[in-house]
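The structure under discussion appears below in the form of structure tokens.
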Amino acid sequence: MKNHKKNTKKPIRNFFEDVYEVVRLVPKGRVTTYGAVARYLGTAMSARMVGWAMNGAHSEKNIPAHRVVNSQGLLTGKHHFRTPIAMQKALEKEGTKVSHDKVVEFQKLFWDPAAELL
DNA sequence: GACATGACGGCAG
DNA sequence: CCTGCCGCCATGT
């Protein structure tokens, strides 16, 4: 029999789900990074996948993707929002200061799931 | 099936 | 300080 079912045992769904959950748990006024989330999920070296997961986050409007920035605290993904300023606006609205597409005192507002949820 | 791309990160030069 | 390269996984062509 042609079982070319390809074993769709890919727990990717789990990966995405985890990303959504973690991002959703990010406290208001705080920010996290792709690398931190990736590390928490076990894909430390594949921070890219986290960003990819955010792509699906658009379906889940409950995902505060604006609280997720890169390791430099830069709003690299702002171009994927409804408008390139939506991300900054959302952050400022929550009390997070943003200057030149970068989170002010990002290190201080940094929220590491691997450490906070430990 | 192979190649190229992508919301990243870290290291080397 | 800046530029370039690799790694990692999934998706699209």
Side-chain angles (χ1 to χ4, degrees):
Chain A
M1 65 201 261
K2 323 182 52 267
N3 234 2
H4 35 110
K5 194 111 160 285
K6 247 169 95 135
N7 293 323
T8 34
K9 275 181 155 184
K10 333 174 59 135
I12 330 171
R13 198 174 176 76
N14 191 20
F15 175 79
F16 274 60
E17 228 176 81
D18 269 339
V19 175
Y20 298 149
E21 189 174 303
V22 173
V23 175
R24 220 178 291 169
L25 289 171
V26 178
K28 183 172 135 191
R30 301 263 193 189
V31 293
T32 190
T33 72
Y34 302 102
V37 176
R39 193 168 120 158
Y40 175 72
L41 298 174
T43 54
M45 278 177 159
S46 306
R48 294 182 164 188
M49 293 294 82
V50 177
W52 221 254
M54 301 320 292
N55 226 315
H58 277 281
S59 292
E60 310 274 338
K61 49 197 183 169
N62 287 55
I63 311 298
H66 59 267
R67 291 186 191 145
V68 185
V69 296
N70 73 351
S71 63
Q72 304 169 75
L74 295 170
L75 286 57
T76 50
K78 66 174 188 174
H79 288 287
H80 290 261
F81 281 74
R82 265 168 61 239
T83 62
I85 58 170
M87 191 171 187
Q88 182 170 334
K89 275 286 185 180
L91 287 169
E92 292 184 316
K93 194 170 166 187
E94 295 186 346
T96 306
K97 293 170 194 162
V98 178
S99 183
H100 288 287
D101 296 336
K102 188 189 133 218
V103 177
V104 177
E105 299 196 277
F106 145 76
Q107 193 174 26
K108 190 155 69 174
L109 300 171
F110 177 51
W111 183 82
D112 185 354
E116 306 295 320
L117 301 178
L118 180 61

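Quick caveat, the model's predicted, so the values are computed rather than measured. The sequence lines fix the lettering, A, B, ..., with proteins before strands; numbering per chain opens at 1.
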If I take atom CG in residue A:Asp112 and atom C1' in nucleotide B:dG9, what distance separates them, rounded to the nearest angstrom? 14 Å
Would you kindly give the CZ-to-C1' distance between A:Arg39 and B:dG10, to the nearest whole Å? 13 Å
I need the CH2-C1' distance between A:Trp52 and C:dC8, as an integer number of Å. 13 Å
Closest to the A:Met54 side chain, choosing from B:dA7, C:dC9, B:dG9: B:dA7
From CD of A:Gln72 over to P of B:dC11, roughly how many Å is that when rounded to an integer? 14 Å
Does the side chain to side chain contact (heavy atoms under 4.5 Å, CB included) test come out yes or no for A:Val103 and A:Leu75, once each step is laid out? CA-CA 8 Å; A:Val103 177; A:Leu75 286 57; 3.8 Å; yes
Closest listed nucleotide, where the reference is the side chain of A:Asn55 and the choices are C:dC8, B:dG9, B:dA7: B:dA7
How far, in whole Å, is B:dA7 from C:dC2 if one measures between their P atoms? 22 Å
Check: B:dA7 base within 3.5 Å donor-acceptor of A:His58 side chain: yes
Spatial distance of atom CG (A:Asp112) from atom CZ (A:Arg39) [nearest 0.5 Å]: 6.0 Å
Whole angstroms only, please: what is the OH-P distance between A:Tyr40 and B:dG9? 19 Å
Length of the CG-C1' vector between A:Leu75 and B:dA7, whole Å: 11 Å
Working note: A:Phe110 + A:Thr32, criterion side chain to side chain contact (heavy atoms under 4.5 Å, CB included); need CA distance, chi angles, decisive distance, verdict. CA-CA 5 Å; A:Phe110 177 51; A:Thr32 190; 4.1 Å; yes
In whole Å, what is the span from the CE atom of A:Met45 to the P atom of C:dC9? 9 Å
CG-CZ distance between A:Leu25 and A:Arg30, expressed to the nearest 0.5 angstrom: 14.0 Å
For the side chain of A:Met49, counting heavy atoms from C-beta on, which of C:dC9, B:dG9, B:dA7 is nearest? C:dC9
Determine: side-chain N/O of A:Ser71 to OP1/OP2 of B:dG9, distance under 4.0 Å, yes or no. yes
Between CD1 on residue A:Ile85 and CG on residue A:Leu91, distance to nearest 0.5 Å: 12.5 Å
Between B:dG10 (P) and A:Tyr34 (OH): distance, integer Å: 14 Å
Using a 4.0 Å heavy-atom cut-off, does A:Ala38 contact any base of the nucleic acid, only the sugar-phosphate backbone, or nothing at all? nothing
